Amino acid sequence: MSSVFFNDAVKTIPPDSIIIEIGPHFLLQTLLRRTVGPKALYFGLMKRNEENNIQFFMDTLGKLYVEGVNPKIERLYPPVKFPVPRGTPMISDLIRWNHSESYFVPKYSPKSRVFSREFNFLGNDGYILDHKINRKPLFPATGFIYLAWEALASKKEKPVEELPVVIERFKIHKPVVIGHECRHYI
């Protein structure tokens with residue numbers, strides 16, 4: 001019906017953009033990478049000859065989330081009516097620890113400070129002090145998970161971002177209360 005000025009439009013895309021192609025396959029990926037530059041991130045929502053394009057679409061949404069985009073995936077599903085009906089499956093059964101490898105974990109000794117780690121909850125980590133249960137600031141459970149993940153990544157000599165993990169049967173036996181001085185040893 002009218003002229004399309006694709007080349008002119010692509011030149012206006014900032015070099016550090018996240019580009020999402022909505023189409024049947026990655027038709028424009030090479031052209032966009034060459035024109036916009038190597039700093040841009042490119043994602044296609046579908047892929048030609050893909051056996052499961054729904055899985056590919058959901059994987060792409062996950063990759064976008066990792067890059068800082070917050071897609072509103074709740075719009076993909078019907079709204080949840082509360083209270084949920086009886087028989088609604090729990091997700092806790094889907095969370096499992098991978099016990100295929102074992103690691104030596106030393107016990108903490110106040111005298112030798114074996115395996116101690118200092119945390120200073122000031123600056124960027126000050127939000128941790130806001131994590132309270134019964135008005136007591138507690139070290140978050142996700143913090144313990146992250147510390148274990150970070151230790152495993154260090155042992156394997158990989159960045160945390162490149163070492164995916166599966167958490168199963170996670171249990172906290174005793175909460176760690178954070179004191180007023182904001183310096184603690186775990």
Side-chain angles (χ1 to χ4, degrees), residues 16-18 20 39 41 43 54-186:
D16 58 348
S17 296
I18 295 176
I20 303 169
K39 287 185 179 179
L41 298 174
F43 296 97
I54 292 176
Q55 183 65 46
F56 184 81
F57 174 75
M58 297 302 277
D59 289 345
T60 301
L61 290 180
K63 291 174 186 174
L64 285 167
Y65 185 80
V66 168
E67 294 301 332
V69 177
N70 194 6
K72 296 182 178 178
I73 62 169
E74 65 273 6
R75 292 183 178 176
L76 297 174
Y77 303 99
V80 177
K81 307 269 192 236
F82 290 102
V84 295
R86 272 189 188 176
T88 301
M90 301 292 286
I91 64 167
S92 60
D93 296 337
L94 303 173
I95 303 169
R96 307 258 184 262
W97 279 104
N98 179 357
H99 291 284
S100 62
E101 296 181 44
S102 61
Y103 299 93
F104 172 73
V105 180
K107 289 193 174 199
Y108 176 76
S109 168
K111 293 179 183 176
S112 63
R113 288 202 187 274
V114 174
F115 201 63
S116 68
R117 182 163 177 176
E118 181 178 351
F119 288 90
N120 186 353
F121 298 113
L122 299 173
N124 293 340
D125 297 323
Y127 65 92
I128 292 176
L129 294 172
D130 293 332
H131 180 68
K132 295 179 182 179
I133 297 177
N134 295 332
R135 297 184 184 156
K136 293 181 183 177
L138 301 178
F139 189 79
T142 53
F144 289 111
I145 292 171
Y146 186 79
L147 289 175
W149 186 12
E150 191 176 55
L152 177 64
S154 175
K155 179 121 177 135
K156 296 218 177 246
E157 297 179 11
K158 286 187 172 184
V160 171
E161 302 82 31
E162 294 179 18
L163 185 70
V165 295
V166 176
I167 308 297
E168 296 181 71
R169 289 187 286 258
F170 177 73
K171 186 182 252 185
I172 296 178
H173 295 281
K174 185 177 178 185
V176 175
V177 178
I178 301 172
H180 296 291
E181 69 274 14
C182 301
R183 291 177 85 77
H184 307 284
Y185 296 94
I186 295 177

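Worth saying up front: this structure is predicted, and the values here are computed from it rather than measured. All residue numbers in this chain count up from 1 along the given sequence.
For the ring-ring contact (aromatic ring centres under 6.0 Å, His included) test, no residue two or more places apart in sequence or in another chain qualifies with Phe170. Taking the side chain to side chain contact (heavy atoms under 4.5 Å, CB included) definition, one finds that Ala148 meets it with nothing, sequence neighbours left out. Evaluation of the side chain to side chain contact (heavy atoms under 4.5 Å, CB included) rule for Val160 yields Tyr146, Trp149, Glu150, Ala153 as partners, not counting sequence neighbours. Applying the side chain to side chain contact (heavy atoms under 4.5 Å, CB included) rule to Ile133 yields the partners Leu138; only residues at least two apart in sequence or on another chain are considered. Partners of Ser100 by side chain to side chain donor-acceptor pair (under 3.5 Å), not counting sequence neighbours, listed by chain and number: Asn98. With sequence neighbours left out, the side chain to side chain contact (heavy atoms under 4.5 Å, CB included) criterion links Ser17 to Ile13, Pro14, Ile19.
For residues 66-76, the set of pairs meeting the side chain to side chain donor-acceptor pair (under 3.5 Å) definition, not counting sequence neighbours, is empty. Within the structure, the ring-ring contact (aromatic ring centres under 6.0 Å, His included) test picks out no pair touching residues 64-83 (sequence neighbours left out).
The line from CZ of Phe43 to CG of Leu64 is 5.0 Å long, rounded to the nearest 0.5 Å. How far CD1 of Ile95 is from CD1 of Ile167: 9.5 Å, rounded to the nearest 0.5 Å. To the nearest 0.5 angstrom, Phe139 atom CZ is 9.5 Å from Ile172 atom CD1. Annotation: the span from Leu147 atom CG to Leu152 atom CG amounts to 12.5 Å, rounded to 0.5 Å.
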Take Leu61 and Leu76 through the side-chain contact (heavy atoms from CB on, under 4.5 Å) test and state the conclusion after the steps.
CA-CA 11 Å; Leu61 290 180; Leu76 297 174; 3.9 Å; yes

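With a 6.0 Å radius and a threshold of 12 heavy atoms from other residues, nucleotides or ligands, Ile73 has its CD1 atom at or below the threshold. Within 6.0 Å of CG in Leu94 there are more than 12 heavy atoms belonging to other residues, nucleotides or ligands.
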